[in-house]
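I have placed the structure first, in the form of structure tokens, so that the comments after it can refer back to it.
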Amino acid sequence: MIRLLLNSKHKLLIIDTLFSGQTFTWKYFSDSTDFSARIIDNNPVFVSSLSDTEIEVVCEDSRIAGMLPQEFFRDYFSMDLDGRAAFPENFRLKYPDLWNTLEGYFPVRVLKQDPFETMVTFMCAQGIGMRIIRNQVSMLAEHYGTRFDVTFRDIPVTLHNFPSPQALASADAVKLSRCTNNNRIRARNIISASKAVCEGKIDFGSLRDKSLPLEQVRRKLCELDGIGYKIADCIALFGLGRFDAFPVDTHVKQFMSQWFGSSTASLPLTPANYLKIVAGAHQILVPELAGYAGHILFHCWRKEVKKLRSY
DNA sequence: CCCCAGGCTTTTC
DNA sequence: GAAAAGCATGGG
């Protein structure tokens, strides 16, 4: 058992962007008895916060994804990155009101999560609400993942890891569709994408190469059925650590129009308009961290403007 | 029955 | 080529 303390110079707010269900959603821990858990690289991981700037991580193995836990989790939680760094100097002068509203959202982390898990979960996120997406991902884990029964602080906890590419590649489309909101097309796309990963047609290791232009990463991922610009950019941002990737979904489209006066963002989200909105975002934000900024703006928009209760 | 939800694919001009 | 329509499903 390994216990780590990770501290940051700035406040932390950790939200699971992969919709991994209530039982293993990272939360903003209000008190020290509260904790969250999930499986990372076949390793039960427990997280709790000790203060606004310090979190405790407990895991079993001395290595996670080939790295020392200390290194892995600092990277996983982007501990050394300040959300403010994603906004250029003149941003607070140009958008003073928005800057004030954003204050509570700079601590939001972009987690560097598993690319396969990221791919499948965002394939489950087409044109449906957060609640249903979470249900799908939880069901995928429960039906196709491995079960872990563990205890933490004397509390029994049951967890499921996210299914492997092999597990989903060999799934039956009709059965799998129970876990994809009864959408068989989505189930079929997930199976074929999983096969592509198994066969090495999609190699996340090589897509991780930072010298690879984002357009090339996007093009490769878009070869898969069911993946367009938005999902490709989500995989790049959340799964490949490409913080320059700026996924434009219905919410991002809305705040790009409302907050930044993007005329393109008020038009239908065609591929051409998508690229224009991304280009606009790179003008307003720090380009190499545009996606990171987008994530902060996204959560602020949903909570402060749309008044949605959950993250 | 309407609209919306962390879009993508096919058809049509 | 790019714009418009079609698709799929559950929830409010």
Side-chain angles (χ1 to χ4, degrees), chain A residues 15-21 25-26 105 108-111 113 115 117-140 173-174 176-193 196 218-239 242-243 245-259 263-279 281 290-311:
Chain A
I15 302 163
D16 186 355
T17 49
L18 298 189
F19 322 108
S20 307
T25 302
W26 298 122
Y105 294 85
V108 170
R109 307 282 84 195
V110 173
L111 307 186
Q113 309 192 71
E117 180 174 354
T118 308
M119 178 182 78
V120 177
T121 54
F122 278 101
M123 288 177 82
C124 292
Q126 300 169 212
I128 48 180
M130 239 16 145
R131 191 59 171 268
I132 299 173
I133 301 167
R134 284 184 195 285
N135 288 343
Q136 292 177 79
V137 178
S138 296
M139 287 181 73
L140 282 173
V174 177
L176 184 63
S177 67
R178 283 208 304 133
C179 305
T180 60
N181 203 35
N182 298 317
N183 187 322
R184 293 188 186 180
I185 295 173
R186 181 173 302 158
R188 178 162 49 74
N189 288 341
I190 288 172
I191 290 169
S192 64
R218 187 192 276 151
R219 197 180 313 139
K220 185 69 186 168
L221 293 169
C222 285
E223 288 176 10
L224 298 170
D225 288 339
I227 296 185
Y229 288 167
K230 190 268 172 180
I231 295 178
D233 283 342
C234 282
I235 299 168
L237 174 62
F238 299 114
R242 294 294 297 248
F243 293 163
F246 187 84
V248 180
D249 61 37
T250 173
H251 298 287
V252 174
K253 179 178 181 297
Q254 288 167 28
F255 74 61
M256 286 302 289
S257 169
Q258 194 111 341
W259 281 344
S263 52
T264 312
S266 57
L267 301 173
L269 194 54
T270 62
N273 286 338
Y274 183 102
L275 295 178
K276 279 186 196 168
I277 294 170
V278 173
Y292 204 102
H295 194 56
I296 290 168
L297 291 161
F298 171 86
H299 283 294
C300 183
W301 173 260
R302 284 176 54 91
K303 270 213 120 143
E304 302 296 329
V305 180
K306 304 282 282 189
K307 307 288 183 191
L308 295 170
R309 281 183 60 232
S310 71
Y311 281 106

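The structure presented is a predicted model; accordingly, all values stated were derived computationally and were not measured.
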Nearest 0.5 Å, what's the SG-CD1 distance between A/Cys222 and A/Ile235? 8.5 Å
Answer with base, sugar-phosphate or nothing: what part of the nucleic acid does A/Ile231 contact at a heavy-atom distance below 4.0 Å? sugar-phosphate
Any chance you could measure A/Phe122, atom CZ, to A/Ile231, atom CD1, to the nearest 0.5 Å? 9.0 Å
Quick one: CG on A/Leu140 to CE on A/Met123, what's the gap to the nearest 0.5 Å? 11.0 Å
Check for a donor-acceptor pair, side chain of A/Asp249 on one end and backbone N or O of A/His251 on the other, with a separation under 3.5 Å. yes
What integer number of Å spans the P atoms of C/dA8 and B/dT11? 12 Å
Looking at every strand, decide which applies to A/Gln254 at a 4.0 Å heavy-atom threshold: base, sugar-phosphate, or nothing. sugar-phosphate
Heavy-atom nearest pair, A/Cys234 first then A/Thr118, reads O-CG2, 3.8 Å
Any base atoms under 4.0 Å from A/Tyr274, or only sugar-phosphate, or nothing? Heavy atoms, all strands. nothing
Distance, C1' atom - from B/dA5 to C/dA3, rounded to whole angstrom: 23 Å
So, do A/Asp233 and A/Tyr274 sit near enough that their side-chain heavy atoms are less than 4.5 Å apart? yes
Would you find a donor on one side and an acceptor on the other, under 3.5 Å apart, between the side chain of A/Asn273 and the backbone of A/Pro268? yes
Do the rings of A/His299 and A/His295 sit parallel, tilted or perpendicular, given the 30° and 60° boundaries? perpendicular
Can you give me the N/O atom pairs linking the protein to nucleotides 9-12 of chain C at distances under 3.5 Å, or say none if there are none?
residue, atom, partner, partner atom, Å
C/dT9, OP1, A/Asn182, O, 3.0
C/dT9, O3', A/Asn181, O, 3.3
C/dG10, OP1, A/Asn182, ND2, 2.7

Is a side-chain donor or acceptor of A/Tyr229 paired with a backbone partner of A/Pro271 at a separation under 3.5 angstrom? no
Could you give the start and end, 5' to 3', of the contact zone on DNA chain B for chain A, using atoms under 4.0 Å from its heavy atoms? B/dA5 to B/dT9
Considering every strand and a 4.0 Å limit on heavy-atom distances, what is the contact class for A/Asp225: base, sugar-phosphate, or nothing? sugar-phosphate
Specify the residue among A/Cys222 and A/His251 whose closest nucleotide of DNA chain B lies further upstream toward the 5′ end. A/His251
Ranking A/Ala125 and A/Leu224 by the position along DNA chain B of their nearest nucleotide, the one closer to 5' is A/Ala125
What protein N or O atoms touch nucleotides 3-6 of chain C N or O atoms at under 3.5 angstrom, if any, and at what distances?
none

Taking only the C1' atom of each, what is the distance from C/dC7 to B/dC4 in whole angstrom? 16 Å
Can you tell me how far apart CD1 (A/Ile191) and CZ (A/Arg184) are? Round to the nearest 0.5 Å. 11.5 Å
Atom SG in A/Cys124, atom CG in A/Asn181: separation rounded to 0.5 Å? 9.0 Å
Taking A/Lys253 for the side chain and A/Leu267 for the main chain, is one N or O donor matched with an acceptor at less than 3.5 Å? yes
C1' atom, B/dC1 versus C/dT9: distance in rounded Å? 16 Å
How far, in whole Å, is C/dG6 from B/dC2 if one measures between their P atoms? 15 Å
Could you tell me whether A/Lys306 contacts a base, only the sugar-phosphate backbone, or nothing, with contacts defined as non-hydrogen atoms closer than 4.0 Å? sugar-phosphate
